[in-house]
Amino acid sequence: MDLHAMIHIHEQGSQQEILQEDPNANQRHRERIFRPRVSLFGLNEEEVRSRYRFSTEVILELFEQIQQDIEPNCERNHAVPGMVKLLSALHYFASASFQGTVSALSGISQPSFSRHLTQVLKAINKLTPQYIVFPSDKAALQTIKDGFQKISFFPNVMGIIDCTHVALSPPTEDIYRNSKNFHSLNVQMVCAADMRILNLVAGYPGSTHDSYILKHSSLHSILTSGNLPEGWILGDDAYPVTEYLLTPVKDAKTKAEKQYNAAHTLAHSIIERTFGSIKSRFRCLDRSGGVLQYSPEKGAQIILACCILHNLAVSRNLHIDILDDLEAPPPVPPVSEEENTQAGKRTRIRVINQHFS
């Protein structure tokens, strides 16, 4: 079926019934009014991308993947179509508008939007194994290593790790207050050289240190299992240096150490651009666009869905400009020297001597 045919189908039943009471009438009656619901019909491609951050083709591709989970399971004449639910959610992710604004644009009520958002989140997040995977086979890891080698000249890099904060409406627990004194989730990501997310941990409170999240994540078990070929991920000084995670050299003195640090910085900039890309595409994740007006649990679901959608955008080469007004991240104290392992220090010295001398 071609795109225009699919768009036409999703316009059917695209009105909502509104019941109003006449306060001036002696006998109250209800009047049925139907207002148009959002659809792709009538928007040019530039408008579609501006409103939803995706092309029409990719939106329809995504809809096909989750259609069974979001289409209404009844045959009411005015049941909300699955496409309306998806577009409403995409607009919310992209605009960071409050639910009332999104509801007005979508033609569905605020309570309905909240219910449908939950449904769309559940459907998108079922795609996690398809879109967010830290590879274990040698060929896939070599492709990632080649990508970093080409960009930064740093050898055997399997990913870049760092954390970013997503602001929340203050929950009751003060543990969500971060070092910049606002409430947030601290979100761990690992990315490839093309900014594809390979690993995500989204549920920790904002006061949690980056190194704690890694230590208690499934990624730590993968990296320490001994089942991966030689390689490492790169992180900043919020992490200890280990055999599988290399950090910059503090107070680099030799030419080789400085070249190592320069390559490390170049590679690490990719995760910073990844954060910028995600938060520019999905303004709901950046504090400059407001805070998530949801519980931490639902906030984590929104973050996961946006990261899946980010990877979908990367796979379809849907570029987005990184905005200048994004919130600066909260400062993270470096780990103590005692937390750096001797095996990690030896690995780092070997890499410096073999590749940067």
Taking only residues two or more places apart in sequence or in another chain, which ones pass side-chain hydrogen bond (donor to acceptor under 3.5 Å, both in side chains) with [X]?
| X | result |
| --- | --- |
| D237 | none |
| E230 | R350 |
| E297 | S295 |

Does one side chain, of [X] or [Y], offer a donor that lies under 3.5 Å from an acceptor on the other?
| X | Y | value |
| --- | --- | --- |
| S288 | R283 | yes |
| R273 | S277 | no |
| K298 | T118 | yes |
| R348 | T247 | yes |
| N186 | D210 | yes |

Taking T274 for its side chain and C191 for its backbone only, find out whether a donor-acceptor pair lies under 3.5 Å.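 No, because the side chain of T274 does not come within donor-acceptor range (under 3.5 Å) of the backbone of C191.
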Counting only N and O atoms by type, is there a donor-acceptor contact under 3.5 Å from the side chain of K180 to the main-chain atoms of A328?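 Yes, K180 side chain to A328 backbone: donor-acceptor pair under 3.5 Å.
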If you count every heavy atom of other residues, nucleotides or ligands that lies below 6.0 Å from [X] atom [atom1], does the total exceed 12?
| X | atom1 | result |
| --- | --- | --- |
| D324 | CG | no |
| I175 | CD1 | no |
| E46 | CD | no |

Residues in salt bridge (Lys or Arg N to Asp or Glu O under 4.0 Å) contact with [X], at least two apart in sequence or another chain:
| X | result |
| --- | --- |
| D146 | none |
| K250 | none |
| E339 | none |
| K126 | D69 |

Test of understanding: clusters of I, L, V, M, F, W, Y form through side-chain heavy atoms closer than 4.5 Å, transitively. Do Y92 and I320 belong to the same one?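 No; tracing contacts between hydrophobic side chains, which count when under 4.5 Å, never links both residues.
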[X]: which other cluster members, linking ILVMFWY side chains closer than 4.5 Å, directly or transitively?
| X | answer |
| --- | --- |
| V335 | none |
| Y212 | V201, Y204, I213 |
| L326 | I322, L323 |
| V332 | none |

Should E337 and K345 count as an ion pair when the cut-off is N to O under 4.0 Å?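 A salt bridge links E337 with K345.
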Less than 4.0 Å between a side-chain N and a carboxylate O, is that true for R49 and E45?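 The answer is yes: the pair qualifies as a salt bridge.
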Kindly indicate whether the side chain of I197, heavy atoms from C-beta on, has any atom under 4.5 Å from the side chain of V190.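 I197 does not reach V190 side chain to side chain.
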Could you please spell out the steps behind the side chain to side chain contact (heavy atoms under 4.5 Å, CB included) verdict for K85 and F113? CA-CA 8 Å; K85 299 174 186 177; F113 171 75; over 6 Å; no
R287 NZ/CZ over F182 ring centroid, <6.0 Å and within 45° of normal: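 Geometry flag: set, cation within 6.0 Å and 45°.
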Give me each pair satisfying side chain to side chain donor-acceptor pair (under 3.5 Å) with a member in residues 301-323, each pair once, sequence neighbours excluded.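 Side chain to side chain donor-acceptor pair (under 3.5 Å) check on residues 301-323 returns E61-R316, H319-D321.
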For the ring pair F93 and Y52, is the centre-to-centre distance below 6.0 Å?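 Not under 6.0 Å, so no.
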I'd like to know whether the aromatic ring centres of F154 and F356 sit less than 6.0 Å apart in this structure.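 That pair passes the under 6.0 Å test.
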